[in-house]
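Written below as structure tokens is the structure these notes are about.
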Number of protein chains: 2
Amino acid sequence: MDSNGADSQVDGRTRLLSSAAAEFSRRGFAGASIATIARGAGVGKSTVFHHFESKEALYLAVIREAAAEFGQTLNTVLSTTEDPGRCIAEFQRRHLAHLQRNAEVARLVLRELQEPFDERCETLVRDVLSPNFQRLVGYLKEAAEAGLIRSNLDPAVVALTLLGANVLYFQSREALAVLPGHDLADNPDGFARAVSDVVFRGLVQRGEQ
Amino acid sequence: MDSNGADSQVDGRTRLLSSAAAEFSRRGFAGASIATIARGAGVGKSTVFHHFESKEALYLAVIREAAAEFGQTLNTVLSTTEDPGRCIAEFQRRHLAHLQRNAEVARLVLRELQEPFDERCETLVRDVLSPNFQRLVGYLKEAAEAGLIRSNLDPAVVALTLLGANVLYFQSREALAVLPGHDLADNPDGFARAVSDVVFRGLVQRGEQ
DNA sequence: GTCTATAATTCGATAGAC
DNA sequence: GTCTATCGAATTATAGAC
């Protein structure tokens, strides 16, 4: 049922990260227990503290891991020498795929953002989430300065629009299947492409206004 | 601190709805206690079951109430005789304001969508959320058929893009305040207007492609 | 207020890699 | 022999019961 356990092929640290992702995602930060995480990784409790300074450090490491992986994707995807339409479409597709592949961590982050804003959340945003977000914003700003896209708009708004569509899709996938009239629920790539098309070209008829 | 309590100006049913909104939002459906809800409304436990068939009926009524109120707004806002740019901007602004004004219910719904998809959630989507969503989709479809907006795009995708931006803003308002380079966090109307501008006009330079 | 249970964290020791 | 991963036992912190 769970794919971690004492899978001796990977080292303890890695097994701890994936066990922690599952446990934090299921119970939230406060509800998660170090003992359960250790058990899930097939190691002793004290081994956790050999690899990570504290429960919070482990928690941040779980998210940092996923964020760093997506950072690699950004290296490939965000290039001002490419056509911005393609760039954005590819960003959107890869981002949604990343959310779905790292569903546990994604849920963890969304859960955190909903809880009352504390210092832990601020650290999370500042140190882990913000860098990738700022790279997207930076790309959009450069594209605007280079005349590749419209320049009179806030790049942070554009970024939030793109991310918001993916996040809502990710959160509501199952609910979408209930709604009639489309087949979005089982076609994330198609959804991502359609969103990037909407955002890039807009609703307005070509040639008007 | 909380504005419900035994405020005898409004009737029991109304006080129950707002007490229930607070309690469900805080503890989720399973965690919420009818006794606490009754106490918060200043009525006895049996009064709850006089007004509502069951815990689930009360829960759905809380959300239905907010959805119906927003349905009123849709009547005012979605009109194919208006300029679609204005329509969408106004929809976006009112929707975000509605999320913020009904923050407890909004959090409740988002929480529900994240939990494992069960029958309760399906009822919620089908009976309560879907009607308003379909009205937005229907408006976009008509606008496309009338030639007011581009017709080769999926209206459900457009709707999800608009809603996603608002939902993400709503969920991450406090986190946004931490990110540098913008003042979005304390200007929801400005955010909504900027998003609708992006979605309506697109990123592409006017006159190109 | 004290007692108790639970959970985080630290300590000291062991075993294997190089 | 040192270094690193590991463990079991010991130590604190905290929250709830009485």
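In what follows, chains are A, B, ... by sequence order, proteins preceding strands, each numbered from 1. Here the structure is a predicted model, which is why all the values come from computation and not from measurement.
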Discussion item. To check you understand the geometry: which heavy-atom pair defines the closest contact between A:Leu58 and A:Val48, and what is its length?
Written reply: CD2-CG1, 4.1 Å
Worksheet item: Is the A:His95 ring parallel, tilted or perpendicular to the A:Phe70 ring (thresholds 30°, 60°)?
Response: perpendicular
Worksheet item: So, the side chain of B:Ser19 versus the backbone of B:Ile37: is there a donor-acceptor pair under 3.5 Å, distance only?
Response: yes
Worksheet item: How many Å lie between CD1 on A:Ile34 and P on C:dA8, as a whole number?
Response: 5 Å
Practice prompt. Could you tell me whether the side chain of A:Gln92 and the main chain of A:Leu162 form a donor-acceptor pair under 3.5 Å?
Written response: yes
Discussion item. So if I take the C1' atoms of five pairs at each end of the helix from C:dG1-D:dC18 to C:dC18-D:dG1 and get each local axis, what angle do the two axes make, rounded to 10 degrees?
Written reply: 10°
Fill in: Any residue meeting side-chain hydrogen bond (donor to acceptor under 3.5 Å, both in side chains) with A:Tyr59, in chain and number order, not counting sequence neighbours
A:Glu112
Worksheet item: Residues from residues 56-64 of chain A sitting under 4.0 Å of DNA chain D, heavy atoms only?
Response: none
Worksheet entry | Distance in angstrom units between A:Arg27 CZ and C:dT6 C1', rounded | 15 Å
Item to complete: Could you pull out all residues at least two apart from B:Gln134 that satisfy side-chain contact (heavy atoms from CB on, under 4.5 Å)?
Response: A:Leu179, A:Pro180, B:Ser130, B:Val137
Fill in: Point-to-point distance, once rounded to the nearest 0.5 Å, from CZ of A:Arg93 to CD1 of A:Ile88
15.0 Å
Protein-nucleotides 2-6 of chain D N/O pairs under 3.5 Å:
unit_1 : atom_1 : unit_2  : atom_2 : d
D:dA5  : OP2    : A:His50 : NE2    : 2.7
D:dT6  : OP2    : A:His51 : NE2    : 2.5

Discussion item. Expressed as a whole number of angstroms, how long is the span from A:Phe49:CZ to D:dA9:P?
Written reply: 17 Å
Practice prompt. Determine, stepwise, if the pair A:Arg94 / A:Glu90 fulfils salt bridge (Lys or Arg N to Asp or Glu O under 4.0 Å).
Written response: CA-CA 6 Å; A:Arg94 300 279 282 264; A:Glu90 189 62 5; 3.3 Å; yes
Worksheet item: Would a distance-only check, ignoring hydrogens and angles, find a side-chain to backbone donor-acceptor pair under 3.5 Å from B:Asn102 to B:Val105?
Response: no
Worksheet, complete the sentence: Across all chains, not counting sequence neighbours, the salt bridge (Lys or Arg N to Asp or Glu O under 4.0 Å) partners of A:Asp154 are none
